[in-house]
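So that the names make sense, note that chain A is the first sequence line, chain B the second, and so on, each numbered from 1. These figures come from a predicted structure and were not determined experimentally.
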There are 2 protein chains.
Amino acid sequence: MATATVTRKDQITITARNLFREKGYKSTSMRDLAQCVGIEAASLYSHVKSKEEILQKICFGLADKFMASMQDAQSKNWTADKKLAYAIEKHIDVVVNNLDASGVFIHDWKHLSEPSLTKFKQMRSKYENFFIGLVQQGIDEKRFRNVNAKFAVMTLFNSMNWIYDHYKPNGKMKQSEISSELSLLFLNGLSKN
Amino acid sequence: MATATVTRKDQITITARNLFREKGYKSTSMRDLAQCVGIEAASLYSHVKSKEEILQKICFGLADKFMASMQDAQSKNWTADKKLAYAIEKHIDVVVNNLDASGVFIHDWKHLSEPSLTKFKQMRSKYENFFIGLVQQGIDEKRFRNVNAKFAVMTLFNSMNWIYDHYKPNGKMKQSEISSELSLLFLNGLSKN
DNA sequence: CCTACCGATCGGTAGG
DNA sequence: CCTACCGATCGGTAGG
């Protein structure tokens, strides 16, 4: 029977995600990380190549999840507004189930060095353009008001991405409520009537 | 005749705002700052007490502007929805006219130490509660749908605060368009249609 | 506003 | 995974 084994490397990644999110990447030292893991700082380098490698794993790990959810939404044969609601739901699902990584993703991607930085920006653009395309399609089909699609999507993203900051797993609002409320707020905001 | 004199201290503050926004507070060294100003690092301390003092000036300088716009909106004898639209417009006005400071405000307030940190959080709470109160009032008066007022305001704030990130002074959208589009998007989203 | 310098801390390596 | 240690850089001070 396969048991879920948390290797030391996993433990380092998980701890780093939490520390980076709490204090920020630049303010977290490898010595902080080592202490939380319970080993000496130098020992970290038996498991990771560098501090930035950890950041890369966190940022691209989440980026991959967003890309997968995009492809899922893309494959559906629905109207633009329905697809958009679905994509919002999927995005929030990723954020809520990766709270620490989401915080790091949003705040610390800037500290990636080349060529990771360029790759990261490209993935983000691709993802943003998918949403912008859906909004534009909704406008063309006269489902939405005639807004600036890019501006609307930026507004949406900022709302979605910061959920990690005020979401409490055992709080008043359940994940499903947040999803439905946010997509309603946004789609209603775009609606014509 | 009074001429606008930019003192060295002003120059340090302005340069710091820009560097902190571009690279982050923690990633900007006093040596970086000194070089951009054109003096030696040690000379900075003739004009400022510490690195954190600069951060405090930036954060509380902007917080004061937000508080002033809140008091302005509060003094109006209008309905909740109209007051909210006005408060949104005023908030965006502060952000757009303080782009660098807004970026620092949003990203780096965490690096304030006590007692500044507590004071900052208190001001922010007061400001947030003002907006939450307006949304709740709109709900009570049956002007808005019955949403979670706090969640709606967090959504609004995240949209408004990140304008600094994609606003281009000479871009497609003028400030007035951003204001009206964002408040329409939000108020329309809250409306019962 | 500068030169000269401080103690602390950083990411990371050597060698076992 | 540890001890021992590296060169670089940090915020900041002394003294002029």
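- Minimum atom distance to the side chain of S50(B) is reached by dG12(D), of the listed dG12(C), dC1(C), dG12(D).
- In this structure, the ring of F157(B) has its center less than 6.0 angstrom from the ring center of Y127(B).
- Within 4.0 Å of S27(B), counting heavy atoms only, lies no atom of the nucleic acid at all.
- The nucleotide whose nearest atom lies closest to any side-chain atom of E40(B) is, among dA4(D), dG11(C), dT3(C), dT3(C).
- The side chain of I39(A) has dC2(D) as its nearest neighbour among dC10(D), dT3(C), dC2(D).
- Contacts of S29(B) with the nucleic acid, taken as non-hydrogen atoms under 4.0 Å apart, involve only primed sugar atoms and P, OP1 or OP2.
- DNA chain C is contacted by both S43(A) and D32(A); D32(A) maps to the nucleotide lying nearer its 5′ end (nearest heavy atom per residue).
- With a 3.5 Å ceiling on both atom-pair distances, the Watson-Crick or G-U wobble partner of dG15(C) is dC2(D).
- Surrounding NZ of K23(A) are more than 12 heavy atoms belonging to other residues, nucleotides or ligands, all under 6.0 Å away.
- Closest contact between the side chain of A42(A) and the listed nucleotides dA4(D), dC10(D), dG11(C) involves dA4(D).
- Note on S46(B): every side-chain N or O is 4.0 Å or more away from OP1 and OP2 of dC1(C).
- Aromatic rings from F120(A) and F105(A) are positioned such that their centres are separated by under 6.0 Å.
- Cation-pi geometry between K51(A) and Y45(A) is not met: the NZ or CZ atom fails to fall both under 6.0 Å from the ring centre and inside 45° of the normal.
- Using a 4.0 Å heavy-atom criterion, one finds that R8(A) contacts the sugar-phosphate atoms exclusively.
- Distance I54(A) CD1 to dG11(C) P: 10 Å, rounded to the nearest Å.
- Closest-nucleotide positions on DNA chain D for G38(A) and E52(B) were compared, and the one nearer the 5' end corresponds to G38(A).
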